[in-house]
Amino acid sequence: MDGLKVSELASRADVPASTVRYYEQEGLLPARRSSSGYRLYDEVAIDRLAFIGTAKSLGLPLPEIRRLLEPWQHGQCSDVQDELLPLVEQRITETRDRVQELTAFADRLLRAQAQLEAIERQGPCDPSCAFLGRAESVVGPALGTLSLADPSSPEVIACSLDAGDREERAEHWRAVLTAVVDRAAIPGGVQLTFDRTRLELAELAEVAGSEAECCTFFDLTLHIGPPVRLDARAPDDALVLVHELFGEPAT
């Protein structure tokens, strides 16, 4: 019999037989049939499986691997290099971004752990409980202020929400801001004063905290009061965004 059966190829390539069958079904590993109906593979299939395994270890999905197999099989090594290099560079960028996300998430978990361990309170939760893990989410017992800014965050004028989520967030703000009774200019932004009788404080705390998390260029400080106030600041080149979202101060 001229060729390797599934079990023989799997043994030679040191992969499960199910992997050989799966790659054939996905069009990555060509096979022919013997007169008895067995799948048969050429010796080159061993190297082909090794290449597929390497590509998968680099995080490449099957469609990209399938495209690479054409120059690998029929072209020059330089052709594979030209195809593979930008894919690897893209994975490097994605991996670094993911590492940053996981590092930030780990930091938030550590902050939440420290905040939970530090809580010594009897009775129901107050608005600060909605901010576990967020940077500088501390309610000051004397002044009653809740700072939502992360002083370590770089001033990048960007929002992590997509268009649909941004519109939903804007609608949430429009509903909350109906309770505003005064807007006053402050350095770098605007201070909002709320009618406490028309305001759900927990709702204001929630939407402000969410805003500070996705738009790190905003510096938001919630004064529990009385009266309830929200200071909204941003770098000079993003001040227009403060006014668009929170309104301009009264003149």
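Residue numbers start at 1 and run along the sequence shown. For the numbers below, each heavy atom of this structure counts, side chains included, while hydrogens, waters and symmetry mates do not. Predicted model, so just to flag it, every value in this text is computed and none were measured.
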>> Thr178 vs Trp173, test: side-chain contact (heavy atoms from CB on, under 4.5 Å). Steps then yes/no.
In response: CA-CA 9 Å; Thr178 58; Trp173 271 117; over 6 Å; no
>> Quick check: do Leu199 and Val180 have side-chain heavy atoms less than 4.5 Å from each other?
In response: no
> Only one of Leu177, Thr221, Leu192 clears side chain to side chain contact (heavy atoms under 4.5 Å, CB included) with Leu230; which?
Replying inline: Leu192
> Can you name the closest pair of heavy atoms from Ile65 and Ala55 and give their distance?
Replying inline: CG1-CB, 3.6 Å
>> Is there a continuous path of hydrophobic side-chain contacts, each under 4.5 Å between heavy atoms, that joins Phe51 to Tyr22?
In response: yes
>> If I take atom CD1 from residue Ile52 and atom CZ from residue Arg66, how far apart are they, to the nearest 0.5 angstrom?
In response: 9.5 Å
>> I need the minimum non-hydrogen distance between Phe246 and Val190, along with the two atoms involved.
In response: CB-CG1, 4.1 Å
>> For Tyr23 and Tyr41, I'd like to know if the aromatic rings sit close, meaning centre-to-centre distance below 6.0 Å.
In response: no
>> Which heavy atom of Ala234 sits nearest to which heavy atom of Val242, and what is that distance?
In response: CB-CG2, 3.4 Å
> Should we count CD of Glu171 as having more than 12 external heavy atoms under 6.0 Å?
Replying inline: yes
> Are Val181 and Val176 in one and the same hydrophobic cluster, where Ile, Leu, Val, Met, Phe, Trp and Tyr link if side-chain heavy atoms are under 4.5 Å apart?
Replying inline: no
> Is there side-chain contact between Arg196 and Leu201, with at least one heavy-atom pair below 4.5 Å?
Replying inline: yes
> Which heavy-atom pair separates Thr193 from Pro227 by the least distance, and what is that distance?
Replying inline: CG2-CB, 4.2 Å
>> For the backbone of Ala31 and the side chain of Arg39, can you confirm whether one donor and one acceptor N or O come within less than 3.5 Å of each other?
In response: no
>> Check this for me: Arg174, atom CZ, are more than 12 non-hydrogen atoms of other residues, nucleotides or ligands nearer than 6.0 Å?
In response: yes
> So, are Glu64 and Arg67 salt-bridged, with charged N and O less than 4.0 Å apart?
Replying inline: no
> Within the side chain of Arg48, is there an N or O that forms a donor-acceptor pair under 3.5 Å with the backbone of Gln73?
Replying inline: no
> Do any N or O atoms from the side chain of Arg21 and from the backbone of Val6 form a donor-acceptor pair under 3.5 angstrom?
Replying inline: no
>> Looking at Arg32 and Asp42, is there a salt bridge between them, counting it only when a charged N and a carboxylate O are closer than 4.0 Å?
In response: yes
>> Can you tell me how far apart CG (Leu241) and CZ (Phe218) are? Round to the nearest 0.5 Å.
In response: 5.5 Å
>> For the OG atom of Ser78 and the CD atom of Glu83, what is their distance to the nearest 0.5 Å?
In response: 11.0 Å
> Linking I/L/V/M/F/W/Y whenever their side-chain heavy atoms sit closer than 4.5 Å, directly or via other members, would Leu40 and Leu49 fall into one cluster?
Replying inline: no
>> Taking Val44 as the starting point, is it possible to reach Val20 by hopping between hydrophobic residues whose side chains are less than 4.5 Å apart?
In response: yes
> Which pair of non-hydrogen atoms, one from Leu4 and one from Glu8, has the smallest distance, and what is that distance?
Replying inline: CA-OE1, 3.5 Å
> Residues in side-chain contact (heavy atoms from CB on, under 4.5 Å) with Val240, at least two apart?
Replying inline: Glu244
> Is the closest side-chain heavy-atom distance between Leu87 and Leu68 below 4.5 Å?
Replying inline: yes
>> Tell me whether the count of non-hydrogen atoms from other residues, nucleotides or ligands lying under 6.0 Å of CD in Glu200 goes above 12.
In response: no
> Quick one: does Arg233's side chain have a donor or acceptor within less than 3.5 Å of a partner on Pro187's backbone?
Replying inline: yes
> Has the side chain of Ser210 got a donor or acceptor atom that lies under 3.5 Å from a matching backbone atom of Glu206?
Replying inline: yes
>> Treating Ser34 as the side-chain partner and Ser36 as the backbone partner, does any N or O pair qualify as donor plus acceptor under 3.5 Å?
In response: yes
> Atom CG of Asp14 and atom CG of Leu9: how far apart are they, to the nearest 0.5 Å?
Replying inline: 11.5 Å
> Quick check: are there more than 12 heavy atoms from other residues, nucleotides or ligands sitting under 6.0 Å from CG of Asp97?
Replying inline: yes
> For the atom pair CD (Glu94) and CD (Glu101), what is the distance rounded to the nearest 0.5 Å?
Replying inline: 10.5 Å
> What's the shortest heavy-atom distance between Ala45 and Leu29, and which atoms?
Replying inline: CB-CD1, 3.9 Å
> Counting distance only, does the side-chain N/O of Asp79 pair as donor-acceptor with the main-chain N or O of Gln76 below 3.5 Å?
Replying inline: yes
>> Grouping I, L, V, M, F, W and Y whenever their side-chain heavy atoms are under 4.5 Å apart, do Leu58 and Leu69 come out in a common cluster?
In response: yes
> Which value, rounded to the nearest 0.5 Å, describes the distance between Leu84 atom CG and Trp72 atom CH2?
Replying inline: 13.5 Å
